[in-house]
Amino acid sequence: MTASSGSETGTIQRKQQHAQDVCDRFFQYLVDNDMEGWFGLWADDAVNEFPFAPPNYPTKVEGIAAIREYMKDFPTNIKVSGVPWIKVHHTTDPDVVIMENQIEGTALATGNPYNLRYICVIEFKDGKIARYVDYWNALEAATALGGMDAFQGAFNAPTLT
């Protein structure tokens, strides 16, 4: 191993550990209802994408201001009680991870369980979340929240026409 490959290996390991730490804090902030901490994980120009968004739901939220608007009422709509498991898969690019997880909680307006499994692709830039591609079951979330209108309202999702 050359000196430069040893240094490169150390950089990759640091980035992988940082990604794991961010993923852990991502959910801990939701459990703690600490949205400011949660927003602090995102880059100013971050993009949150929803490839499987239902009809009339945005497929992309761009920039931290828009992400803040999208998530601002999350704590008044969903109480996250725990994240029973998180699995972070590191890729050949140390700035990209694939994360599987499950969130357990309650939809506050309905009292319904909010127990969803997710898979996400997360890209980091300068230690912050730059791109978060969320492959989630929007219909399951809508059911927990009381229907599609309640679902869109819970996430301040503009209706697309």
Can you tell me how far the [atom1] atom of [X] sits from the [atom2] atom of [Y], to the nearest 0.5 Å?
X      : Y      : atom1 : atom2 : result
Asp126 : Ile129 : CG    : CD1   : 13.5 Å
Asn101 : Phe27  : CG    : CZ    : 3.5 Å
Thr11  : Gln16  : OG1   : CD    : 11.0 Å
Glu49  : Lys60  : CD    : NZ    : 5.0 Å
Arg68  : Asn156 : CZ    : CG    : 13.5 Å

Exercise. Does the ring centre of Trp38 sit less than 6.0 Å away from the ring centre of Phe26?
Worked result: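 Yes, ring centres under 6.0 Å apart.
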
Exercise. Taking the six-membered ring for Trp, are the ring centroids of Tyr57 and Phe151 within less than 6.0 Å of each other?
Worked result: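 Yes.
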
Problem set entry | side chain to side chain contact (heavy atoms under 4.5 Å, CB included) between Val121 and Tyr132, intermediate numbers included | CA-CA 6 Å; Val121 178; Tyr132 189 95; over 6 Å; no

For this session: Check whether more than 12 heavy atoms from other residues, nucleotides or ligands sit under 6.0 Å from atom CG of Asp149, and answer yes or no.
Result: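 Not more than 12 within 6.0 Å, no.
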
Is there a side-chain contact between [X] and [Y] (heavy atoms, below 4.5 Å)?
X      : Y      : answer
Phe155 : Met71  : yes
Tyr114 : Thr106 : no
Val47  : Val61  : no

For this session: Can you run down the salt bridge (charged side-chain N to carboxylate O under 4.0 Å, His left out) pairs that involve residues 71-83, sequence neighbours left out, and say none if there aren't any?
Result: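 Those involving residues 71-83 are Glu69-Lys72.
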
Exercise. Is a side-chain donor or acceptor of Thr110 paired with a backbone partner of Leu145 at a separation under 3.5 angstrom?
Worked result: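 Not confirmed, Thr110 side chain does not pair with Leu145 backbone.
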
Problem set entry | Among Glu62, Arg131, Lys125, Lys128, the one residue meeting side-chain contact (heavy atoms from CB on, under 4.5 Å) with Asp45 |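 Exactly one candidate clears the test, Lys125.
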
For this session: Would you sort out whether Leu108 and Asn77 count as a side chain to side chain contact (heavy atoms under 4.5 Å, CB included), showing the intermediate values?
Result: CA-CA 5 Å; Leu108 297 173; Asn77 289 292; 5.9 Å; no

For this session: Take Gln28 and Asp32 through the test side chain to side chain donor-acceptor pair (under 3.5 Å) and record every step on the way to the result.
Result: CA-CA 6 Å; Gln28 190 58 53; Asp32 294 343; 2.9 Å; yes

